[in-house]
Each structure stands twice: as structure tokens, then as C-alpha cells.
Amino acid sequence: MKYRLLLAAASLALVMGFGSSTTAVAQDRYCLQGRVWGYPGNCQFASYAQCMATASGTNAYCGVNPRYAYARRYRGYR
């Protein structure tokens with residue numbers, strides 16, 4: 001019984017580790033901004049290079065998503 005509980009806890013920890021994906025969180029780090037897009041703009045870019053490639057040839061620029069720029073450093077701290 002003790003080993004089953006330990007096995008269940010270890011497998012739950014393993015599943016939770018694989019369940020949290022960092023790539024899904026980082027998909028909206030940069031925003032395409034400009035007259036057409038407004039503020040914060042089109043926030044679907046994972047890298048600055050992707051955003052700049054989309055903005056090239058247009059009257060737009062790239063900026064950091066305000067959700068990340070103004071987030072608290074320590075979310076649990078009050």
C-alpha cells in the first residue's frame with residue numbers, strides 16, 4: 001500500500017511536469033503595433049525576429065506585450 005501511494009505521487013508529479021508547457025506561455029511575448037493594430041496590437045509572436053519579419057514593409061513596429069512587461073516580478077508577493 002505504501003509503495004502504491006509513492007508510485008501514484010511520483011506519476012502525478014511526472015504528469016504535471018509534462019503538462020505545463022512553456023512554449024504555449026511564450027507565444028505572445030511580442031506585439032505588432034502601429035496605426036492599424038493599435039495598442040497593445042497583434043500579440044501572437046514568440047520572438048522579436050518573427051514580429052519584425054511581419055512588420056517589415058509596413059508602417060508597424062514591435063513591442064513587448066504589456067502583460068509581460070508590467071507583470072510583477074514575484075506573483076505571490078503582496
Side-chain angles (χ1 to χ4, degrees):
M1 182 71 174
K2 188 193 296 187
Y3 294 113
R4 285 186 183 177
L5 185 60
L6 182 62
L7 181 64
S11 63
L12 180 64
L14 185 67
V15 168
M16 292 302 288
F18 284 125
S20 63
S21 174
T22 57
T23 58
V25 174
Q27 288 298 319
D28 58 347
R29 288 270 181 195
Y30 296 96
C31 300
L32 182 65
Q33 299 168 344
R35 183 176 286 195
V36 175
W37 297 105
Y39 185 81
N42 183 4
C43 299
Q44 66 178 8
F45 302 99
S47 69
Y48 186 74
Q50 287 176 340
C51 186
M52 287 302 292
T54 306
S56 68
T58 64
N59 193 13
Y61 57 94
C62 297
V64 178
N65 190 340
R67 289 178 55 195
Y68 294 105
Y70 300 115
R72 287 186 176 222
R73 186 172 189 163
Y74 301 108
R75 292 190 183 266
Y77 180 74
R78 289 191 185 243

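Side-chain atoms are counted along with the backbone in the values below, which use heavy atoms only and exclude waters and symmetry mates.
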For a quick test of reading the model, state the closest non-hydrogen atom pair linking [X] to [Y] and the distance between them.
X: Q33; Y: V64; value: NE2-O, 4.5 Å
X: D28; Y: N65; value: O-ND2, 2.7 Å
X: Y68; Y: R29; value: CD2-NH1, 3.0 Å
X: Y39; Y: P66; value: OH-CG, 3.3 Å

_Does Y48 form a side chain to side chain contact (heavy atoms under 4.5 Å, CB included) with C62? I'd like the steps, not just the answer._
CA-CA 7 Å; Y48 186 74; C62 297; 3.7 Å; yes

Distance (rounded to the nearest 0.5 Å) between [X] [atom1] and [Y] [atom2]:
X: M52; Y: Y61; atom1: CE; atom2: OH; answer: 12.0 Å
X: Q50; Y: L32; atom1: CD; atom2: CG; answer: 12.0 Å
X: W37; Y: T58; atom1: CH2; atom2: OG1; answer: 9.0 Å

*Would you tell me whether C51 and C31 have their SG atoms within less than 2.5 Å of each other?*
no

